[in-house]
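Structure, as structure tokens:
Counting starts at 1 for both ligands and their atoms, in listed order. All values reported here derive from a predicted model rather than from experimental measurement.
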Amino acid sequence: MRLFVGLDLPATLRQRLALLSGGLPGARWVPAENYHLTLRFIGEMPGHRAEEIDLALSTLRARRFSLGVGGVGVFAKGGRPTSLWAGVERSAPLEHLQGKIETALQRAGLAAERRRFTPHITLARLDNAGEARLAAFVQAHNLFRAETIAVAHFTLFSSLLGKEHAVYTAEADYPLT
Ligand code: 2AM
């Protein structure tokens with residue numbers, strides 16, 4: 001199973017984000033049902049490890065919090081833009097939850113994540129998006145702000161890679177207190 005820990009998003013926010021799709025040649029837009037915020041990518045795990053991970057996550061205690069979403073940005077690899085995303089405000093409770101998940105997963109035997117946590121919601125993968133068009137898109141949507149959302153649980157997702165898009169399934173939800 002390919003696993004990751006994340007936040008699913010309310011329908012109102014998905015609808016709002018979906019309005020950003022379009023008007024950018026070279027963008028493969030993520031379908032609205034796939035929008036999510038990754039807190040920790042895990043990767044391929046055998047079934048028995050998935051159970052240990054679930055157990056570790058279910059003992060974690062953290063508080064509910066609200067999350068601000070706004071702005072758009074681009075990730076690039078080797079100078080080439082690879083993905084377009086909506087920004088997520090960094091906040092102490094979000095960082096705290098992410099840190100607790102990291103600790104729980106390390107206790108369950110996973111190697112430490114070396115990448116810095118950069119909260120984002122991927123809107124599109126980019127193949128040869130023209131630089132000028134991309135820059136114009138980012139500028140046009142930089143003032144984008146969505147309603148603040150209430151985060152009351154986090155989720156262990158499985159991901160089945162498909163030809164067009166991945167299929168994400170919520171395997172377990174963990175309530176925040
Ligand atoms: P992305 O949206 O920025 O591409 C499920 O695949 C989630 O895990 C996606 O949100 C993806 O982030 C993230 N992800 C996929 N592969 C990853 C990797 N090797 N390292 C970190 N995150 C990854």
Side-chain angles (χ1 to χ4, degrees), residues 1-11 13-22 24 26-47 49-50 53-54 56-57 60 67-90 94-95 97-106 108-129 134 137-138 141-142 144 146 149 151 153-174:
M1 282 177 123
R2 186 179 160 93
L3 298 173
F4 68 96
V5 182
L7 301 180
D8 63 16
L9 305 172
L13 177 59
R14 289 174 194 277
Q15 285 159 10
R16 187 84 169 75
L17 292 170
L19 295 175
L20 297 171
S21 304
L24 188 62
R28 283 182 290 126
W29 297 98
V30 171
E33 67 267 24
N34 274 9
Y35 293 150
H36 64 275
L37 192 166
T38 301
L39 293 169
R40 171 54 145 92
F41 180 71
I42 297 174
E44 281 299 331
M45 282 288 146
R49 298 298 310 281
I53 287 168
D54 173 44
L57 293 174
L60 185 163
L67 190 75
V69 174
V72 294
V74 171
F75 286 142
K77 214 177 195 173
R80 277 181 161 262
T82 53
S83 72
L84 174 70
W85 42 262
V88 172
E89 270 171 30
R90 283 184 177 278
L94 175 64
E95 303 273 351
L97 174 61
Q98 202 275 335
K100 282 209 146 181
I101 291 169
E102 180 61 35
T103 306
L105 293 178
Q106 286 183 26
L110 269 71
E113 172 59 85
R114 278 179 302 169
R115 290 206 224 175
R116 184 167 186 260
F117 175 51
T118 311
H120 64 277
I121 301 164
T122 299
L123 299 173
R125 317 271 168 209
L126 304 173
D127 316 298
N128 292 316
L134 190 54
F137 184 96
V138 170
H141 294 293
N142 217 20
F144 158 75
I149 61 164
V151 179
H153 67 272
F154 65 98
T155 301
L156 178 64
F157 289 97
S158 65
S159 161
L160 261 184
L161 298 180
K163 230 180 184 180
E164 278 283 307
H165 300 289
V167 176
Y168 301 135
T169 305
E171 299 291 341
D173 282 334
Y174 309 95

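- Looking at F41, F4, Y35 and measuring to atom 21 (C) of ligand 1, the nearest heavy atom belongs to F41.
- Ligand 1 places these atoms under 4.0 Å from at least one heavy atom of R125: 1 (P), 2 (O), 4 (O).
- Here the heavy atom of the protein found nearest to atom 3 (O) of ligand 1 is H120 NE2, 2.6 Å.
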Identify all side-chain donor-acceptor contacts of residues 158-166 below 3.5 Å with residues at least two apart in sequence or on another chain.
residue: S158; atom: OG; partner: E171; partner atom: OE2; Å: 2.6

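- Tested against D8 for a side-chain contact (heavy atoms from CB on, under 4.5 Å), the candidates E33, R14, H36 yield a single pass: R14.
- Side chain of R49 to main chain of E44: no donor-acceptor pair is present (N/O by atom type, distance under 3.5 Å, no hydrogens or angles).
- Judged purely by atom type and a 3.5 angstrom limit, R90 has no side-chain atom pairing as donor or acceptor with the backbone of E95.
- Between atom 19 (N) of ligand 1 and the options E113, R115, H36, the minimum heavy-atom separation is to R115.
- Closest to atom 1 (P) of ligand 1, if we only count protein heavy atoms, is T122 OG1, 3.3 Å.
- The protein heavy atom nearest to atom 12 (O) of ligand 1 is T38 OG1, 4.2 Å.
- Residues L39 and E102 fail the side-chain proximity criterion, which asks for heavy atoms closer than 4.5 Å.
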